[in-house]
Amino acid sequence: MSSPASHGRELAATFVPADIESRLYQKWLDAGYFTADASSSKEPFTIVLPPPNVTGVLHIGHALDQTLQDCLSRMKRMKGFEVLWLPGMDHAGIATQNVVEKQLASQGKSRHDLGREDFVAKVWEWKAESGGAILDQMKRMGSGVDWTRERFTMDEGMSNAVVSIFKKMYEAGLIYRAERIINWCPRCLTALSDIEVEHQDDAGEFVQIRYGEGEQSIVIATTRAETMLGDGAVAVHPDDPRYQHLIGTEVLLPLVNRMIPIIADELVEMDFGTGAVKVTAAHDPNDFEMAVRHNVPFVVIMNEHGVMDGTGTEFDGMDRFDARVAVVAKLKEMGRIVAEKRPYVHAVGHCSRCDTTVEPRLSKQWFVKVAPLAKASADAVRNGTVKIEPAALEPRYFEWVDNMHDWCISRQLWWGHRIPVWYGPQGEVQVVGPGESAPVGWVQDPDVLDTWFSSGQWAFSTMGWPEKTSDLAKFYPTSVLVTGYDILFFWVVRMMMMSIFAMDGVPPFKTIMLHGLVRDQFGKKMSKSRGNVIDPIEFMDKYGADALRFTLARGANPGTDQALAEDWIGGSRNFATKLWNATRFAMMNGAHVEGDLPAFDSLNDIDRWILSRLNETIAEADALLESYEFSRACELIYHFAWDDLCDWYLELSKETFASENKAASQRVLGHVLDQLLRLLHPAMPFITEELWCTLTGGSSLVDSNWPLAQPLLIDKNSKKVVSALQEVVTEVRRFRNDQGLKPSQKIPGRFSGNKDVIAHKSALHFLLKLEEKDFVPSATLEIAGTIIEVDLTGSIDVEAERARLEKDLATALKDQKTAEVKLGNEGFMAKAPADVVVEIRERLVKTTSEIERITAALAALK
RNA sequence: GGGUGGUUAGCUCAGUGGUAGAGCGCCUCGUUUACACCGAGGAUGUCGGGGGUUCGAAACCCUCACCGCCCACCA
């Protein structure tokens, strides 16, 4: 008979994660776990990972992404799939440039001091460092990176893809250049997309200004008085009775002394302010729209730094905010301020990077015409081609996709893919595709593309698009995208649009699996300023990668945020230690996996029971993992391992393992552990790998098969027996406890009644510290049809026992009453399902006999 | 303003019609040879308020209150 010693391995007495982690990672790497081969005949499973937010700080959110994707990967691999990861390792993130700009700022410099070339070189330098740190975190967690694709960066294959798709979209009329009002950051000197603008409530002012003189005058209301210098018109609602006589006439614009028309436009709300609004075409998006409709001229009054410029007034050269004060002061002097409200709290856009107040600015930018792409993206989800998990988050997706504005993709930055457009001396425009070159003397557009333009191509350009590669043929569309819901708009929608366009209408994923955000222990958002940011590396050092991973997976309910605290991770570490000790104990008792399992019917109740529980757990956990219910799956496996296996099976079997009749149980225990470790491997890869290899002598869980539930190994009767045993054990323990007996104190005791229970009396004697010898009982308990007589050296604590019985009686009476009420309810009897009625009847019978028993016991107490 | 999620034990959260659950924390006992990162036992909830549907509601509907998140061009 084989034993652990036969393959020469033993487990150390204490579990130290650091002792196994780096070794096992290297082992998986050598075994090819982290690579996928398009030529393999296995069924493909592709997982797309979000790009780490490359801000130089490793975030716990990345750890969550990595945990869940690696959970899926490992499970699918064990199920025989060919798994390919598309980890978002690198893209032209604005954040990257931002970090370097901050570094420069601390030296009192800006990127303009360095020049484009040196600046980009500096970003690359920094990127090499931070990228290394992220890879390091992924390795520490044991989550996989396909090393052949990891270095897929913006200066290589991706540039080719970006240029190709730009050209393709341009030719399809989906990319155009236009003068538009865009959000402009006067500090970063760049255009911002809608999602880079954060709206905050700011305390501003709301002033009413009278334009014109006498009869020919109108009062407008504004929060941005300084922009009146660029007004091209005043607008009122076409139906507003107050202003009918003025529509089509002109008023005098104060300070600049220019006559401007009064126009009528339905965009104006009669109820707001004075019902009359100034139209500053070049500095407000609404006004821009109206100006286009009514042919109002665009007057630019500020330069790129937000400084007044070109108004021909005394305000030129003033900062926009200073100018606001000065303009109001001057108008007041002139008696033109009709009303002022200060502070006036209203939403103002801020740059998401530097918090500077955004300045809407007329500017020539490149845009993606979004409507057809957004519609196709919406349809893909509506018609079920792409599934969003959990479905509850679909409305958020639709809300975005259905209301999308055209997407400004040019950025006045230096880090990123340069826009592949060249301008000729006469202003000619040419898009220069891969392998092409512009005529001599032409100049390339200085701007770079929005980061999401390139990262939106992740699902196909990482696989070699526009070439028709074998990777694309096999792994596209990808199986699942695992990411947080916070990135749904930024990244997911872009990937949908870009992929559908590039891949001839085929959406990039079959499933979009959205998880929540990791928050601190009080459910608060983590932020550097709040100081509640969790560093995954720190906790891996302290508790091990498995503990961190299990905590994250256990907390991951679909689409909802999870709170995380050090205590939680400590709890997972405890679980890992428990597994270690249980396996060590099992091996000390000869658990093994050699040969077939003994015939199920030949096994004892305890063995049949644990096999039943195992197979139930396998079936449920598998279904849960397949539906991305990581939290519930982990919870289930955790309780099987700790409660069923450790607390009950091992305890109930100790007597067996100490006896001669243990061979079958040794094989059963080996099997249960073997299967449990496989089941747990996705969530806790390191410890399960170490334990499993030591227990079974197998080479690696990575190459082993996923457990398959065997319904034939589920036996109701054994569950009934063990449940009776559990009841007896728990109740006697409670009795002992109430009687003030120390756990180790042995007392005489014996069983009669329930034969199923008596059959396990030696295990019960062991667990309950009962001695089998002749005695005169001083107390008698009846539990689950079993009579337990014990001797407390002639005397028991009557008061304690009375209290205990009375408590039990109260519970039983309450249960009895609820059952009686239900059964006495005609409506219940008539309409409740038969099985429920039976259940309540049984409950009534049970509680009634309980009450009789307890009442008798109480009467017998002296 | 639009959308959306939440309110269950001290804390963080599961629980989509049939006697309220988990982890951590708390109290008592315990060095019984796998495990004190442990074991045994225990306490704690009119499931946010009010209506309704139902034989039966934490769950379904309505309403109110209070949190939260996302989006947004109210000058």
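Chain naming here is simple, since letters A, B, ... match the order of the sequence lines and numbering starts at 1 in each.
- Using a 4.0 Å heavy-atom criterion, one finds that A:Arg573 contacts the bases of the nucleic acid, with or without backbone contacts as well.
- Across all strands, A:Thr280 comes closer than 4.0 Å to no nucleic acid atom at all (heavy-atom distances).
- The phosphate of B:C70 (OP1 or OP2) has a side-chain N or O of A:Lys525 nearer than 4.0 angstrom.
- Contact annotation for A:Asp647: backbone-only contact, meaning every heavy-atom pair under 4.0 Å involves sugar-phosphate atoms and none involves a base.
- Per the geometry, CZ belonging to A:Phe522 stands 11 Å off P belonging to B:C13, to the nearest Å.
- Because its NZ or CZ atom is both nearer than 6.0 Å to the ring centre of A:Phe367 and within 45° of the ring axis, A:Arg180 counts as a cation-pi partner of that residue.
- Within the 4.5 Å cutoff, the side chain of A:His765 has no heavy atoms near those of the A:Glu771 side chain.
- In this structure, A:Asn737 and A:Arg224 both approach RNA chain B, and ranking their closest nucleotides by distance from the 5' end singles out A:Asn737.
- Within 4.0 Å (heavy atoms only), A:Ala221 reaches at least one base atom of the nucleic acid.
- For A:Asn557, the side-chain atoms get nearest to B:C13 when compared with the rest of B:G41, B:C13, B:G39.
- Listed pair A:Trp642 / B:G39 meets the phosphate criterion, a side-chain N or O lying under 4.0 Å from OP1 or OP2.
- Residue order along RNA chain B, read from the 5' end via each residue's closest nucleotide, puts A:Ala563 first among A:Ala563 and A:Asn574.
- Remark: the separation of the P atoms in B:U28 and B:U33 is 24 Å, to the nearest Å.
- Among the protein residues, A:Asp567 comes within range of the sugar-phosphate backbone only, with heavy atoms under 4.0 Å from sugar or phosphate atoms but none that close to a base.
- Among the protein residues, A:Thr583 comes within range of no part of the nucleic acid, since none of its heavy atoms lies under 4.0 Å from any strand.
- In this structure, A:Leu673 and A:Leu645 have side chains that are in contact, with non-hydrogen atoms separated by less than 4.5 Å.
- As rounded to the nearest Å, B:U54 and B:G21 have C1' atoms that lie 25 Å from one another.
- Between A:Leu823 atom CG and B:G18 atom P the separation is 17 Å, expressed in whole Å.
- Rounded to whole Å, the separation between the P atoms of B:A22 and B:G30 comes to 26 Å.
- A cation-pi geometry, defined here as NZ or CZ lying under 6.0 Å from the six-membered ring centre and within 45° of its normal, holds between A:Arg396 and A:Tyr485.
- Atom CZ in A:Phe585 sits about 15 Å away from atom P in B:U32, given to the nearest Å.
- Look at A:Lys807 and you won't find any side-chain N or O under 4.0 angstrom from OP1 or OP2 of B:G42.
- In this structure, the nucleotide among B:A75, B:A72, B:A34 sitting nearest to the side chain of A:Lys654 is B:A34.
- No contact: A:Lys524 has no heavy atom under 4.0 Å from any strand.
- Side-chain contact between A:His515 and A:Gln562: absent, with no pair of heavy atoms (C-beta onward) separated by less than 4.5 Å.
- Looking at heavy-atom distances under 4.0 Å, A:Asp738 makes no contact with the nucleic acid at all.
- For A:Asn286 against B:C73, a side-chain-to-base donor-acceptor contact under 3.5 Å is present.
- For A:Pro743, taking side-chain heavy atoms from C-beta onward, the closest of the listed nucleotides B:U32, B:U4, B:A75 is B:U32.
- The side-chain heavy atoms of A:Leu229 and A:Val327, taken from C-beta on, include a pair separated by under 4.5 Å.
- A:Thr223 comes within 4.0 angstrom of the backbone, heavy atoms only, and of no base.
- Not less than 6.0 angstrom separates the ring centroid of A:Tyr397 from the ring centroid of A:Phe489.
- Counting any heavy atom pair closer than 4.0 Å across all strands shown, A:Glu651 reaches a base atom.
- Considering only side-chain atoms of A:Arg632, the nucleotide from B:A40, B:A14, B:U32 that sits closest is B:A14.
- A:Lys746 comes within 4.0 angstrom of no nucleic acid atom, judged by non-hydrogen atoms across all strands.
- Closest to the A:Glu399 side chain, of the nucleotides B:G42, B:A75, B:C70, is B:C70.
- For A:Ile220 and B:C74, the CD1 to P distance is 18 Å, given to the nearest whole Å.
- With hydrogens and angles ignored, no donor-acceptor pair under 3.5 angstrom links the side chain of A:Lys742 to the base of B:C29.
- Side-chain contact check for A:Asp265 versus A:Glu289: every heavy-atom pair is 4.5 Å or farther apart.
- Each of B:G41, B:U32, B:G23 was ranked by its minimum atom distance to the side chain of A:Thr730; first place goes to B:G41.
- Within the 4.0 angstrom heavy-atom criterion, base atoms lie near A:Lys822.
- For the P atoms, the distance linking B:C47 with B:A59 amounts to 10 Å, nearest Å.
- Taking atom CD on A:Glu839 and atom C1' on B:G56, their separation rounds to 13 Å, with Å as the unit.
- At the heavy-atom level, A:Phe15 lies nowhere under 4.0 Å from the strands shown.
- Closest to the A:Arg396 side chain, of the nucleotides B:A34, B:U4, B:A72, is B:U4.
- When each of B:C73, B:G39, B:G42 is scored by its nearest atom to the side-chain atoms of A:Pro285, the top-ranked nucleotide is B:C73.
- Cation-pi geometry between A:Lys654 and A:Phe585 is met: the NZ or CZ atom falls under 6.0 Å from the ring centre, inside 45° of the normal.
- Counting non-hydrogen atoms under 4.0 angstrom, A:Pro833 reaches a base of the nucleic acid.
- Nucleotides B:C38 and B:A43 have their P atoms positioned 22 Å apart, rounded to a whole Å.
- When the nucleotides B:A34, B:G18, B:C38 are ranked by their closest atom to the side chain of A:Val836, B:G18 comes out on top.
- For A:Val277, whose side chain is taken as the heavy atoms from C-beta onward, the closest listed nucleotide among B:A75, B:A40, B:C35 is B:A75.
- Contact check for A:Glu394 versus A:Val381: side-chain heavy atoms found under the 4.5 Å cut-off.
- The separation between A:Phe828 atom CZ and B:G18 atom P is 12 Å, rounded to whole Å.
- Residue A:Lys278 has no polar side-chain atom (N or O) positioned under 4.0 Å from OP1 or OP2 of B:C74.
- Atom pair A:Asn403:CG and B:G2:P shows a separation of 14 Å (rounding to whole Å applied).
- B:U7 and B:C61 have their P atoms separated by 14 Å, with the value rounded to a whole Å.
- A:Glu629 places its CD atom 11 Å from the P atom of B:A14, with the value rounded to the nearest Å.
- At least one side-chain nitrogen or oxygen of A:Thr560 sits closer than 4.0 Å to the OP1 or OP2 atom of B:A14.
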